[in-house]
Amino acid sequence: MKTKKQIYKEIKRKRIVGPIIFFMLMTAALGVGVYYVVKYFLEYTLDNKMTTEYENAGNMAEIYDAGSEGREAFKLLDKFGRSFFITDKNGKIVMQKGENTIGDEAKKVELKVFDTEEYITVYRDTKASAVKIGKDNKLHLDTGKLQKYLDSDEYADNYINVMIGDESMEIEDEEDLAPDYFELPVWIAIDVKNGSETMYVQAMLLISERDIIAFAIILIIMVVLVLVMMIMLLARTISNVHRQRKMTNFFFADTVTGGKNWMYFILRGEQLLCKRKSSKSKYAVVSLDMKKYRNYCLCHSIAEGEKLLQNVHEILKAEVDKKTELFAHGESSNFALILKCEDEDRLKMRVYELIKKLEKLDDDHRFSFQAGVSVLDMITNEKGHIVRRKSVNIEEEYNKALSARESMGDSDESGVVIFGDKLIEEEKWLDKVQEYQEKALNMDEYEVYYQPKYDPRTKELRGAEALIRWQSPELGFVSPGRFIPIFEKNGFITNIDHYMLSHVAVDQKKWLDDGLKCVPVSVNVSRAHFAEEDLAEQIRDIVDAAGTPHNLIEIELTESAFFDDKKAMVNTINKLKEYGFTVSMDDFGSGYSSLNSLKDMPLDVLKLDAEFFRGEESDGRGRIVVSEAIKLAQSLNMRTVAEGVEVKEQVDFLAGEGCDMIQGYYFAKPMPKNDYRSRIEAGKADPEELEEKN
Ligand code: C2E
Ligand code: CA
Ligand code: CA
């Protein structure tokens with residue numbers, strides 16, 4: 001499928017190139033047309049005259065051939081009043097009348113008679129060379145010389161009557177006629193006496209003023225015609241280009257900010273970076289985004305949100321150099337920029353300064369902006385000299401900037417990140433995790449660790465949570481905090497959860513068969529599962545396959561999963577409880593509105609998030625919140641597990657508040673299954689070990 005960019009390029013090419021090619025073709029056609037019209041007119045006129053002259057000379061030759069006696073013929077020929085001479089085979093003159101002004105042999109040409117296959121042998125006249133016979137055997141007018149000749153006395157002396165057929169036209173007043181005609185003298189050679197002699201006759205090509213006027217009129221008409229057509233064509237081309245520009249503006253307009261859009265950024269950006277002037281400067285592509293823009297639109301209105309983006313646009317307009325830099329609005333609150341970058345630190349500072357200005361967009365709010373930067377490498381040749389950039393894939397560069405920006409994750413703080421080796425490493429790492437995830441499952445690289453849960457008062461073992469560990473031969477030890485979010489995104493988490501559940505079931509069954517006093521082990525089930533309608537059945541079947549009693553398995557659901565589809569969720573929880581599993585809510589109090597979910601979900605256990613026991617307020621206000629949460633759980637008939645408890649004071653406090661279990665480093669870190677087995681055997685936490693922690 002064609003991209004928008006390709007379609008645009010195609011339209012642009014058609015619109016601009018079409019009229020220009022048409023204009024050029026028409027101009028060329030008109031030029032050629034004029035050339036041929038003028039040429040044919042000239043040739044026709046000259047050739048026509050030449051043919052007439054040839055006929056006249058032919059008449060003289062006939063008279064000479066017919067005359068029985070040379071003298072008689074001479075008299076007759078004399079009547080024509082033309083210069084001529086006759087030579088014999090050896091070139092000796094046997095008869096002459098008038099002056100011999102013939103050019104030498106080298107000046108001889110064979111002229112083709114217009115529109116016939118006949119040739120006339122023509123010599124140049126040495127005295128008046130107003131006629132030029134070119135290499136192409138064509139007559140060429142030499143108007144300068146012609147004029148000189150016409151002005152000279154020689155012209156007046158040489159003036160000869162015009163011959164038509166074999167009759168001479170008497171001219172009354174030579175002076176009257178003179179200005180109307182230009183004479184172009186040439187010599188015509190004709191064989192006489194069966195070729196034993198040659199007659200040379202001086203011929204006058206007569207060009208009348210009428211001829212010249214006609215020629216001038218034709219020329220003027222042609223020129224005017226050409227000019228009119230060219231003006232029309234030019235007007236058409238200009239209007240096309242104008243329309244094209246209008247269309248381009250429309251195509252490139254951003255409807256929200258009134259500035260330029262993403263398409264413009266892509267096309268113009270490449271031009272800018274490859275331009276001779278800028279192609280040798282260092283540049284960077286920046287992806288800028290306003291955080292929580294959607295929230296702002298929800299709280300205010302979309303129109304208010306768009307106004308905000310218009311203000312961002314105005315600020316960017318003032319900060320970005322119009323000639324050497326570029327920016328455009330993309331989707332939502334995204335802006336794309338191309339900025340000059342002398343060095344990375346300075347650019348980073350500049351973007352920070354820019355963000356500072358943007359943060360104070362309006363007086364009532366404080367906004368935050370994040371920017372990702374991709375610095376374009378300079379292109380060098382073999383000698384290490386910087387050379388001109390030939391092409392840039394703006395989209396690719398923007399994607400780098402985008403992934404740099406996205407590396408800031410869910411943080412809502414303003415920030416600038418430059419795409420660099422660290423990010424590239426991270427992307428590569430991400431690829432590797434996905435490449436090995438499947439193999440790791442088949443090769444049993446994933447291991448189940450157990451983290452015990454103890455009663456804070458009696459210090460008895462009451463349960464455990466199964467946590468995954470991945471010891472990869474290729475990647476080394478990988479923490480679940482790193483790979484679980486990846487698996488959640490790519491869907492592989494489903495396999496992991498099944499794997500964990502079946503291993504826990506098998507382990508529990510084994511310990512039970514070994515006569516140990518087993519306690520329930522909780523398994524995490526990712527929210528990705530809740531799309532499956534038969535989740536409860538799947539869990540039941542996996543546990544049943546190992547033959548493990550259902551009361552030894554607990555299912556941990558994260559609070560965030562409750563948001564997706566409440567009905568399905570309640571349904572699944574009910575089924576799980578029906579089958580005899582315990583269901584707990586993981587990470588209670590970490591972000592989402594939890595109280596509401598408690599109202600609707602028939603859960604057995606509430607796991608208080610580790611966050612309650614961290615930070616400055618964990619001793620003061622935090623304790624009040626924890627105490628109330630425990631009371632709330634109790635009144636809803638739920639048991640409580642406190643997660644991430646590390647110090648004795650917290651354990652004592654939780655014991656006092658009636659918290660049922662503690663899962664934290666104070667009692668035990670997650671451990672391999674054999675270590676956990678020993679913990680089951682012991683049944684109680686080791687007082688000596690606990691004493692050491694005080
Ligand atoms: P979680 O389910 O909240 O697991 C508790 C995490 O807190 C575990 O990290 C555990 O080692 C850690 N922890 C427990 N007590 C303490 C303490 O006193 N101090 C501190 N600093 N940390 C403590 P872990 O094992 O790295 O797991 C991280 C997260 O990865 C888990 O959070 C869970 O969301 C996910 N995860 C781990 N295993 C699985 C699994 O098999 N399936 C699924 N879906 N997610 C899993
Ligand atoms: Ca958990
Ligand atoms: Ca948890």
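Note that ligands are numbered from 1 as they come in the structure, with each ligand's atoms numbered from 1 the same way. The figures here come from the full heavy-atom set of this structure, side chains too, leaving out hydrogens, waters and symmetry mates.
Coordination check, Asp609 versus the Ca ion (ligand 3): failed, since every N/O/S atom of the residue sits at 3.0 Å or beyond. Taking backbone and side-chain atoms together, Asn524 has an N/O/S atom less than 3.0 Å away from the Ca ion (ligand 2). Glu465 lies close to the Ca ion (ligand 2), since one of its N, O or S atoms is found at a distance under 3.0 Å.
Closest to atom 44 (N) of ligand 1, if we only count protein heavy atoms, is Asp497 OD1, 3.0 Å. The protein heavy atom nearest to atom 15 (N) of ligand 1 is Gln451 NE2, 2.9 Å. Distance from atom 46 (C) of ligand 1 to its nearest protein heavy atom, with residue and atom name: Ile484 CD1, 3.8 Å. Here the protein heavy atom with the shortest distance to atom 41 (O) of ligand 1 is Met500 CG, 3.2 Å. Nearest protein neighbour of atom 28 (C) of ligand 1, counting heavy atoms only, is Pro480 CG, 4.2 Å. Looking only at heavy atoms of the protein, atom 18 (O) of ligand 1 is closest to Tyr665 N, 2.8 Å. Of all protein heavy atoms, the one closest to atom 10 (C) of ligand 1 is Leu467 CD1, 3.8 Å. What sits closest to atom 20 (C) of ligand 1 on the protein, heavy atoms only, is Glu646 OE2, 3.3 Å.
Here Asp660 does not pair with Arg462 in a salt bridge; the nearest charged N to carboxylate O distance is not below 4.0 Å. Ion pairing of Glu319 with Lys357 is present here, as a side-chain N (NZ or NE/NH1/NH2) and a carboxylate O approach within less than 4.0 Å. Glu460 and Lys517 are not joined by a salt bridge, as no carboxylate oxygen comes within less than 4.0 angstrom of a charged side-chain nitrogen. Comment: Glu413 does not engage Lys291 in a salt bridge, judged by the lack of any side-chain N to carboxylate O separation of less than 4.0 angstrom. Between Glu353 and Lys356, at least one side-chain N (NZ, or NE/NH1/NH2) sits under 4.0 Å from a carboxylate O, which counts as a salt bridge. Arg679 and Asp675 are not joined by a salt bridge, as no carboxylate oxygen comes within less than 4.0 angstrom of a charged side-chain nitrogen.
Residue contacts with ligand 1 include Pro670, since one or more of its heavy atoms lies under 4.0 Å from the ligand. Heavy atoms of Arg469 approach ligand 1 to within less than 4.0 angstrom. The shortest separation from a heavy atom of Gln650 to ligand 1 is not under 4.0 Å, leaving the residue out of contact.
Leu632 is not listed as a side-chain neighbour of Leu606, based on a closest heavy-atom distance of 4.5 Å or more.
Annotation for Tyr454 and Lys459: closest pair CD2-O, 3.4 Å, computed over non-hydrogen atoms. Counting all heavy atoms, side chain and backbone alike, Val478 lies closest to Phe483 at O-CE2, 3.3 Å.
For ligand 1, the atoms sitting less than 4.0 Å from at least one non-hydrogen atom of Glu465 are 2 (O), 4 (O), numbered in the order shown with element in parentheses.
Summary: OE1 is the N/O/S atom of Glu556 found nearest to the Ca ion (ligand 2). Taking the Ca ion (ligand 3) as reference, Asp587 places its N/O/S atom OD1 nearest. The closest approach of Asp586 to the Ca ion (ligand 3), by N/O/S atoms, is made by OD1.
Annotation: Ser479 places no N or O atom under 3.5 Å from an N or O atom of ligand 1; distance criterion only. Backbone and side-chain nitrogen or oxygen atoms of Ile493 are examined, and none is located within less than 3.5 angstrom of a nitrogen or oxygen of ligand 1. Not one N or O of Glu488 is nearer than 3.5 Å to an N or O of ligand 1, by distance alone.
We find the CZ-OG distance between Phe419 and Ser407 to be 9.5 Å, quoted to the nearest 0.5 Å. Atom CH2 in Trp429 sits 7.0 Å away from atom CG in Leu475 (nearest 0.5 Å).
Here Arg482 has no heavy atoms under 4.0 Å from ligand 1, in either its backbone or its side chain. Only the backbone of Val645 comes within 4.0 Å of ligand 1, judged by heavy-atom distances.
In this structure, His365 has its ring center under 6.0 Å from that of Tyr296. Under the 6.0 Å cut-off for aromatic ring centres, His313 and Phe335 do not qualify, their centroids lying 6.0 Å or more apart.
For the pair Lys439 and Tyr436, the distance from NZ or CZ to the six-membered ring centre is under 6.0 Å and the angle to the ring normal is within 45 degrees.
Within a 4.0 Å radius of atom 7 (O) of ligand 1, the protein contributes no non-hydrogen atoms. Proximity of atom 34 (O) of ligand 1 to the protein is not indicated, since no non-hydrogen protein atom lies closer than 4.0 angstrom.
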